[in-house]
Structures are given as C-alpha cells and as structure tokens.
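Along the sequence shown, the residues carry numbers beginning at 1.
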Amino acid sequence: MRVRWNGGELTFRLDPEDEITGRAADDHPVKLATNSCEIRGVPGDAHDDLWAVAAWTIVAPWTRRRITFDRPVSPELARALHDGWGVEAGPVGGTARAAGRRLAISYSGGADSVAAATIFPDAPFVHFRRVSHRRVPNRWPHYRSDVLAKLAVQTGREVTTVESDLEFTLAEPRPGYPEHHAVAAGALLLADEMDLGGLAFGYELGSRWLGGDRYLLRYTPDNLMWAPHGAWGRLFAAAGVHIVLPVGGVSEAVTMRIALESPLKEQVRWCLRGTGGPCRTCGKCLYKELIQAAVERRPMETPITASRPVARKWQEPPPYGGQEMIEYGCARVPGIERTPFAKAAQYLRATEESTAWLDHCYRPAIDEIPGVWRGQVAEFMATRVGFMDEAQTRRVETWGTETWGTER
C-alpha cells in the first residue's frame, strides 16, 4: 500500500499483494469503492506519525505486507505497525511524538458518548461528520449527519467538527468506517493543535470486554481493537494519543442512565435517521428503546412489531448480539410479553438477580485508563455507579462460556 497526503486529501494505491475486498479488525469483510478521501479543516503541520496513523485507520483492511508513507515515521510507530499487523512500514526516520496534556472526547452524541463526556465535563469534543464524496454517489441520504452535528454544537461544550468523506471508501457492505478507529482520523490530525495525549471513546462493557454484537460474543480481555495492549491501543500510544475508555467497565444500561441524568440529556441521539427525534422504526431505535424502558422501569413505546424485519432476530433462539442487554431489558420491562422481545424473553429466562451485575462497574477497566485520567473515572464510578463484587466480576469473566439460553 502506498499513501500520500495533499493537505487533508488522502490518496492510496494498492500493491500487487493487496486486495480490493479486505477485512476490518473485527473480521468483517469490506470492499473498496475508491482510492481517495478528504479530511477537512485539519492543520498541515501535524506530526508525521499522526498523518501515518490517520491513514492507517482508513487503509488497514486492504493492506497485506507493507505500507509506504509519503513522509518518514518514527521507529516506534513502525514497530507498532509491525508488531500489530505484521506490516513493514517506511520510510523510517525522525522521532516519536510526545503525548500531549489534554483529553478530548470523540463525540457521537449517543448515550455511551454522552456518558463518557459526563465523566469529563471539561474535555473538548471532536465530532466526526460524514459529507458527500465528489466521485461516489450518496445512496444513504437518510443518514442525517447534519442533525448530529447541530446537536453537538447545542451541548455548549467546546466542539470541533471534522468533516470527511472517508466512509465512502467502502463499497460494501455500505458507507462506513473502514476501521472503527477511522472516526478518530480528524482528531489525530488535530492532536498537536489541541495538545492531545488521549482520546476518549464511548465504548462500553459489551464492546470492550464481551465482544459487542459484531465478532466474539465472549469475554475477551485481549480485544485487539480496544485493549491498551492490543494492536490499535499500542499504535495510538506510539503516536502520543492514548485510547481512553471512560465507560469501558459499565453496561449500556449504566451509560443510558448516566446520559439521561446528564446536563446533555436533551442532545442525546443514537438514531442516524430521524430529524426531529429518533425515527423509532430502525433496529437501533428498537434496541435502545428496550434499554431505556428497562432503566426507566416502564413499558416499551415502539410501533415495531415482532413481524417486522428489524425484529426478526429476536424471534430466534440466542445467542444474540448485545445479549447481556437483551437479558437486562427482558428482566425489567413491564409487559415484555407484548413486545418484539417476547420470544427472546422466553428463551433467556433472565431475572433481575441474574442481570444485577450489569448495574455496576467492572474494576479492571479502571486500571486500563492512563494514570493522568484514571482517578477522575474511578471517583465517578465509585460515587455514581459502584463496583462489582467478586461474584459479579466472575459473571463478566465467564461470559460466553455457558450454554446460551439456559438458567444461570
């Protein structure tokens, strides 16, 4: 792979061994649509390693053996690419970037992101906004990135919105981030200007430790995407921008509760389709409504029925993506038998007692946060959430080893 930056425009050319259809870090197949993209409004004098990592978040799925940058990278960064992906990077030269002093929030506006922002009320936001690509038709006009950007500004926090068409580098399965970390491409290029030493994401317990709904569905302490000792964690650290997961030890029930109690609650938006509010008809709205109803101890309010395609998976036996939260919701929502999750509730037979661990914080997640920011997260969790006891900790660390759907 050969990459070149011209201002904020990235172009890349595949080497003979590279492939048009590659795989992201979560092993999901992604097909390349075009070999260029743009990140707008970023400074031209960022450290060379920052340009390299920003490019890698975009081209990693299609790179097999080597990557040639248009500027030298430090030996430390080249080593992180080799150790993490087996890729030879060059040219090598110069010195590594020293970490800055500030933490920024990679802010999406969803409940998890708002929860992370609530823990760090003084941290600036960097918000990624998708814009159209000049050569790739936008077949997803219902994706309302403009609404999310406006809501970010309405928070009253210090917000830098980075506009980019990098999601249109994907032809299949749809426009999106080539790697999950590509959402940070703009923040990386702003790191020197903003004096960043860390970037906080809203990834929670399910994504960090339990495999999320995309790839593993089991307890995974060595998650290569989000563990600080994983490939991506080491790469970001080599560029002086540590990955920080303030809510990495709590469930989506906890992040939902924190977000709804936050000063930013009016700006919470997880749906990318609605304009005046969530669309209420997509799969994400259905999933989040289950969690919100469980947190608020009320019946679900949704027009979606069990016969709708977006609810089809909940009519089948487990395992499910995000299963810990399906169990949590089924155990707490009044009248769950009259919702699209009725079948799932019958299969799972979850109770409040069996899901109580999801109301507390998994303590090892605190130890992963760099020391300069660890104390603030630990204090928040101790006073606002509480930590898991030994038995609840075991529930996390045995997740996925039991037979799904049996009494626990």
CH2 of Trp226 to OG1 of Thr220, rounded to nearest 0.5 Å, is 14.5 Å
Between Arg66 and Glu88, is there a side-chain N and carboxylate O pair less than 4.0 Å apart? no
Ignoring hydrogens and geometry, is there a side-chain-to-backbone donor-acceptor pair from Gln392 to Asp389 under 3.5 Å? yes
Measure the spacing between CG of Asp49 and CG of Leu77 and express it to the nearest 0.5 Å. 4.5 Å
Provide the full list of salt bridge (charged side-chain N to carboxylate O under 4.0 Å, His left out) pairs with a residue in residues 294-311, sequence neighbours left out, each pair given once. Glu289-Arg298, Glu296-Arg298, Arg297-Glu352
Minimum-distance pair of heavy atoms, taken over all atoms of Ala187 and Leu196: O-CD1, 4.0 Å
Under 4.5 Å between any side-chain heavy atoms of Glu19 and Trp62, yes or no? no
On the six-membered ring of Tyr203, is Arg208 placed so that its NZ or CZ lies under 6.0 angstrom from the centre and within 45° of the ring axis? no
Check whether any side-chain heavy atom of Ser113 lies under 4.5 Å from a side-chain heavy atom of Ser106, and answer yes or no. no
Which atom pair, heavy atoms only, marks the closest approach of Gly84 to Ala231? CA-CB, 3.8 Å
Evaluate Leu205 against Leu358 for side-chain contact (heavy atoms from CB on, under 4.5 Å), listing each step before the verdict. CA-CA 9 Å; Leu205 183 75; Leu358 293 163; 4.2 Å; yes
Ignoring hydrogens and angles, tell me if any N or O in the side chain of Glu9 forms a donor-acceptor pair with the backbone of Ser36 under 3.5 Å. no
Set out, in order, the CA-CA distance, both residues' side-chain angles and the distance that settles salt bridge (Lys or Arg N to Asp or Glu O under 4.0 Å) for Arg64 and Asp15, then state yes or no. CA-CA 9 Å; Arg64 291 295 169 266; Asp15 288 332; over 6 Å; no
Give a yes or no on whether Glu379 atom CD has more than 12 heavy-atom contacts from other residues, nucleotides or ligands under 6.0 Å away. no
Tell me whether Arg13 at atom CZ has more than 12 heavy atoms from other residues, nucleotides or ligands lying less than 6.0 Å away. no
Side chain to side chain, Ile105 and Phe201, heavy atoms closer than 4.5 Å: no
Would you call Tyr219 and Thr401 a side-chain contact if the rule is heavy atoms closer than 4.5 Å? no
So CH2 of Trp373 and CD1 of Ile366: to nearest 0.5 Å the spacing works out to 15.0 Å
Can you give me the closest heavy-atom contact between Ala89 and Ala78, atom names plus distance? O-CB, 4.2 Å
Quick check: are there more than 12 heavy atoms from other residues, nucleotides or ligands sitting under 6.0 Å from CG of Asp195? yes
Working to the nearest 0.5 Å, report the span between CE of Met225 and OG of Ser207. 8.0 Å
Pro124 side chain reached by Thr160 side chain, heavy atoms, under 4.5 Å: no
Examine Trp85 together with Trp56 and report whether their ring centres are nearer than 6.0 Å. yes
Any donor and acceptor pair, going by atom type alone, linking the side chain of Gln315 with main-chain N or O of Ala311 inside 3.5 Å? yes
Six-ring centre of Phe168, Arg130 cation under 6.0 angstrom, axis tolerance 45°: yes
With rounding to the nearest 0.5 angstrom, report the CZ to CZ distance, Arg384 to Arg257. 10.5 Å
Enclosure of Arg101 CZ (heavy-atom neighbours >12, cutoff 6.0 Å): no
Minimum-distance pair of heavy atoms, taken over all atoms of Pro43 and Leu190: CD-CD2, 3.7 Å
For residues Ala149 and Arg129, report the shortest heavy-atom separation together with the two atoms involved. CB-CD, 3.9 Å
Under-4.0 Å salt bridge between Arg394 and Glu390: yes
Donor-acceptor check, side chain of Gln154 to backbone of Leu151, threshold 3.5 angstrom: yes or no? no
Return yes if some donor-acceptor pair links the side-chain N/O of Ser262 with the main-chain N/O of Ile258 below 3.5 Å, else return no. no
Arg135 versus Thr34, side-chain donor and acceptor atoms under 3.5 Å: yes
Evaluation steps, side-chain contact (heavy atoms from CB on, under 4.5 Å), between Ile243 and His181: CA-CA 10 Å; Ile243 290 175; His181 304 76; 4.0 Å; yes
Keeping Ser164 on the side-chain end and Glu38 on the backbone end, is there a donor-acceptor pair under 3.5 Å? yes
Can you tell me if Ser354 and Arg349 form a side-chain donor-acceptor pair at under 3.5 Å? no
For Arg374, I'd like to know if atom CZ has over 12 heavy atoms of other residues, nucleotides or ligands within 6.0 Å. yes
Quick one: do Trp209 and Tyr362 satisfy ring pair (Phe, Tyr, Trp, His ring centres under 6.0 Å)? Show the steps, please. CA-CA 10 Å; Trp209 300 95; Tyr362 180 60; 5.0 Å; yes
Between Val126 and Met194, does the side-chain contact (heavy atoms from CB on, under 4.5 Å) criterion hold? Intermediate values first, please. CA-CA 10 Å; Val126 181; Met194 298 180 68; 4.0 Å; yes
Do Arg332 and Asp359 meet the salt-bridge criterion of a basic N to acidic O distance under 4.0 Å? yes
Are Arg218 and Glu324 within salt-bridge range, i.e. N to O under 4.0 Å? no
Using the rule given for side-chain contact (heavy atoms from CB on, under 4.5 Å), can you reason through Tyr177 versus Phe128, listing the C-alpha separation, both sets of side-chain angles and the distance that settles it, and then say yes or no? CA-CA 11 Å; Tyr177 304 124; Phe128 182 97; 3.5 Å; yes
Nearest heavy-atom neighbours spanning Cys271 and Pro278: CB-CA, 3.8 Å
Between Asp165 (side chain) and Cys37 (backbone), is there a donor-acceptor pair under 3.5 Å? no
Check step by step if side-chain hydrogen bond (donor to acceptor under 3.5 Å, both in side chains) holds for Asp112 and Thr255. CA-CA 5 Å; Asp112 303 330; Thr255 60; 2.6 Å; yes
Kindly indicate whether the side chain of Leu166, heavy atoms from C-beta on, has any atom under 4.5 Å from the side chain of Thr57. no
Plane angle bin for Trp399 and Trp357 - parallel if under 30°, tilted between 30 and 60°, otherwise perpendicular: tilted
Do the non-hydrogen side-chain atoms of Trp5 and Thr11 ever get within less than 4.5 Å of each other? no
Set of side-chain hydrogen bond (donor to acceptor under 3.5 Å, both in side chains) partners for Arg97, sequence neighbours left out: Asp192
To the nearest 0.5 Å, how far apart are OG1 in Thr169 and CZ in Phe12? 5.5 Å
Leu10 side chain near Arg4 side chain, heavy-atom distance below 4.5 Å: no
Other residues, nucleotides, ligands: >12 heavy atoms within 6.0 Å of Glu17 CD: yes
